[in-house]
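Below: the structure, in structure tokens.
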Amino acid sequence: MDIIHTDVLVIGGGLAGLRVAIATRRRGHEAIVLSLVPPKRSHSAAAQGGMQASLANCFKGQGDDEDVHFADTVRGSDWGADQRVVRMFVNTAPKAVREMAAWGVPWNRVERGVRTAIINGKSVELKESDAAHGLIDARDFGGTRKWRTSYVSDGTGHSMLYTMSDQAIANQIPAHERTEAIALIHDGDRCYGAIVRHLVSGKLIAYVAKATCIASGGFGRIYRVSTNAVINEGIGTAIALETGVASLGNMEAVQFHPTGIFPAGILVTEGCRGDGGLLLDRNEHRFMPDYEPEKAELASRDVVSRRMEQHIAAGHGASSRFGEHLWLDIRLLGQQHIDTKLREVKEICQHFLGIDPARQLIAVRPAQHYSMGGIRTDYRGESPNLRGLFSAGEAACWDMHGFNRLGGNSVAETVVAGMLVGEYIADYCDSSDSDCSFSSALLEQSWKQQERYLSGLCDGRGNENAFELMREMQQTMTDKVGIFRHGERLSQAVTDLQSLLARSRRIGVRSQLRGANPELVTAYRVQKMLKLALCVALGALRREESRGAHFREDFPLRNDRDWLVRTLATWPDADSTQPSLDYEELSVMAMEMPPGWRGYGEKNHIEHPQTAQRQADVDAVLQRSDLSDRFARQQALMPYLDCLPPKYRGRNQRLGEQES
Amino acid sequence: MSDLIATAGRRIRLHILRHNPQDPESQPHMQTFELEEADGMTLFIALNEVRETQDPSLAFDFVCRAGICGSCAMLINGKPGLACCALTRELPDDITLMPLPVFKLIADLSVDTGEWMRDMSERLQTWVQGSELERDLDRFEQTMEPQLARDIYELERCIECGCCVAACGTAHMRPGFVGAVGLNKLARFRLDPRDERDDAAFYQLVGNDDGVFGCMTLLGCEDMCPKQLPLATQIAFLRRKMARQGLKKNPEE
């Protein structure tokens, strides 16, 4: 048995994982990054549109600050988010953008003078100030009241990932490429690292670490139609679930992005609509203002996706041999804008649709895009059930997105979470809590168990086909656990998935190769993915309300009275075919912003009995004359600064804001 | 329907180089798979179909399948290109697929670009080096001229796919050559005012035959770059700067 020791084992080489590794390395701890692919190939690279941070540099960003970003994010989450975590996030996001700027990201910059922009279908002139010239620019995104999304053309994630990855190289952090953690080493109380399979040699290696951080991104590939990269299979999330003790939060909260190109599901950025693009139906009618007069195309993603599907169901979709779809129109932005700020979009349209988006319409339909749910952690990123196990980024549910994430908040989260969780992991490694004393028998046993498991898949006794099970799972999720959900379809989905899981235990792998063997990889992954799919489907079935991206046709209202709770899924019995679900309450009385209407979407909801009381408390605080500024008022409503590592507690400088 | 790509019914044949160096029994050979072309089929779709229905052991790499991540470069009828963006309808009935040369073969169409690129990054130190790296993050960011930011991004669009290396005569002959990918990166950092390295420092990194003087100007890199980066111009510019540096009495100053 090969054993590799390190202080911090980071599973996942995207933005979050790399930033965690850099943070811990800078604090003097050894870190190793495990990655399925070379880190620069990670799915972070596919984030096109940008990163939200309330810099307030550009004209349409004026008046923005942490408070506005906070409120937008909480509304976006449909009050599902942990508001304290949102506060930590919005205060750190400007620092994260500025750090990335210092490290080399070529953010688009504000240019002084008059510029033309398309807003709500009309061309308008905006005048940028001299003071803002050369500072980081922002574009508009859905569900935000200010232009807040910092961007690098439409290759933001690419630029950030390359900068971050090169910084990791500069910090001499080893990235063990083409490796996959397939099980965590733990004793039910504490995590000690992972059993890792080398995808080229097939070798199983035990990585022993003081702290293990899962930053493996989302699990979109449990769906057939997804914008996600093919590696986004959620294996990091699944191995946490398979410990039987670590819990996954809000797995039913799955985001569908309005503009996946049809039918391939490849993403074109929300920046298309942020920059002024419109959604049209079969008659080239702009339909979004009919449904959403306030925000039209720039309501939150869950709302826009739902309205699109609703419009298609009403018979207004354009038809093609692949089925119905709608149109995204960015022609009005003009060739020059597309050539400079939407160039990936242009290439994607050329390659996969064979069209020029400056002259033609883009066929789009909502596609699975993001996993709000994930490994449940506290605000420090650590699992409350399994010490030494941390998680950050899309893989985690700490939980800043609740039931719907705003566009631009995910790349922002990756870096912010990397910075914060990285510091907390370093603190943990500094403390005696992280001392690694455990029996070598545990290590041996974990390793042997996986060795036996993989041999079993190849022993020739199974007869189920892994690829087929994968396809059936993906089809079931897309058909029955999609944008519009219903109790009957969901319970059918649960039954189907359970039967697939049972069948997956009889998979037979035809090729005996232990090294580069794609069939073997699919075999063990599909078993893990089915468990995640069951957490999503069962969570969705049990949650009898509609909140954010989770919409139940049979329970169309948000129900704060009964469902202002976070779903927690665990898998205590390995032989079971379904997870065990539990719920933790979100305290209305602790909220800085009590539940209300989001400003877009449905206006009705069932109120929580404490909402009125809490709102009165909040209003009273806002009236207090002894609270001199917004910081003091915020502090009185919901203190959170203590949750941040001391180095990230400072106030963010802005144009037009008084220094204090 | 008009704007969607429709082709169906044609039989296409994929001739694929098969070899798994991990397997002592394996001998490199060509294997042919026949399949029916579907509407809008790319090599990503075709290869996955072959793997799922004909040969589960076929190895290849895809990640984003959208032309963004650079994982799937291979020789498509002899030319390096991204397989995910290659529509079969633009290819003949017979399609030959080979792994990218120069890089270490993992199996079949899968090569190790990661190790090569990391080595290049370490040798060329492809990161911003300067005193501004540790700023007070609460304060305003350093300003930058908008056009300069756009110019830097133009060079930063490289996705390290390896096509320029596979298409490079020098890279085939000199294992240490950093390729257009490496030279373009240094050009990018040279342009960036946040990087405080001067030409003497860059000369140390690429002022030799493994660097900018190794380029024979065959232009394969620029011809094959799937992102259409201005590689030849960047190399020529860098070479001029480095030559000037080299002509100084003591080029290391």
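Lettering follows sequence order; numbering is per chain, from 1. What you see below is based on every heavy atom in this structure, not just the backbone, and it leaves out hydrogens, waters and symmetry mates.
A donor-acceptor pair is defined here as one N or O able to donate and one able to accept, closer than 3.5 Å; no such pair exists between the side chain of B:Arg10 and the backbone of B:Glu36.
If you measure heavy-atom distances from A:Met419 to chain B, the contacts under 4.5 Å come from the side chain alone. Heavy atoms of A:His158 lying under 4.5 Å from chain B belong exclusively to its side chain. Proximity to chain B (any heavy atom under 4.5 Å) is shown, for A:Arg112, by neither the backbone nor the side chain. Heavy atoms closer than 4.5 Å to chain A are found in the side chain of B:Ala107, but not in its backbone. At a 4.5 Å heavy-atom cutoff, the contact between A:Glu177 and chain B is made by side-chain atoms alone. Heavy atoms of A:Val105 lying under 4.5 Å from chain B belong exclusively to its backbone. With a 4.5 angstrom heavy-atom cutoff, A:Arg510 touches chain B only via side-chain atoms. With a 4.5 angstrom heavy-atom cutoff, A:Val200 touches chain B via backbone and side-chain atoms both. For A:Ala318, no part lies near chain B; criterion is any non-hydrogen pair under 4.5 Å. For chain B, the nearby parts of A:Ile266 are the backbone and the side chain; heavy atoms of each come within less than 4.5 Å. Contact annotation for A:Gln48: only side-chain heavy atoms (C-beta onward) come within less than 4.5 Å of a heavy atom of chain B. Heavy atoms of A:Thr227 lying under 4.5 Å from chain B belong exclusively to its backbone. Residue contact with chain B, scored on non-hydrogen atoms closer than 4.5 Å, involves the backbone and the side chain of A:Leu655 alike.
The choice from B:Gln125, B:Lys227, B:Met144, B:Glu154 that makes the most heavy-atom pairs within less than 4.5 Å of chain A is B:Met144. Among the candidates A:Pro38, A:Pro106, A:Ala516, A:Ala229, the residue making the largest number of heavy-atom pairs closer than 4.5 Å to chain B is A:Pro106.
With sequence neighbours left out, A:Arg221 forms a side-chain hydrogen bond (donor to acceptor under 3.5 Å, both in side chains) with no residue at all. Legend: residues meeting ring pair (Phe, Tyr, Trp, His ring centres under 6.0 Å) with B:Phe62, ordered by chain and number and at least two apart, are B:Phe44, B:Phe60.
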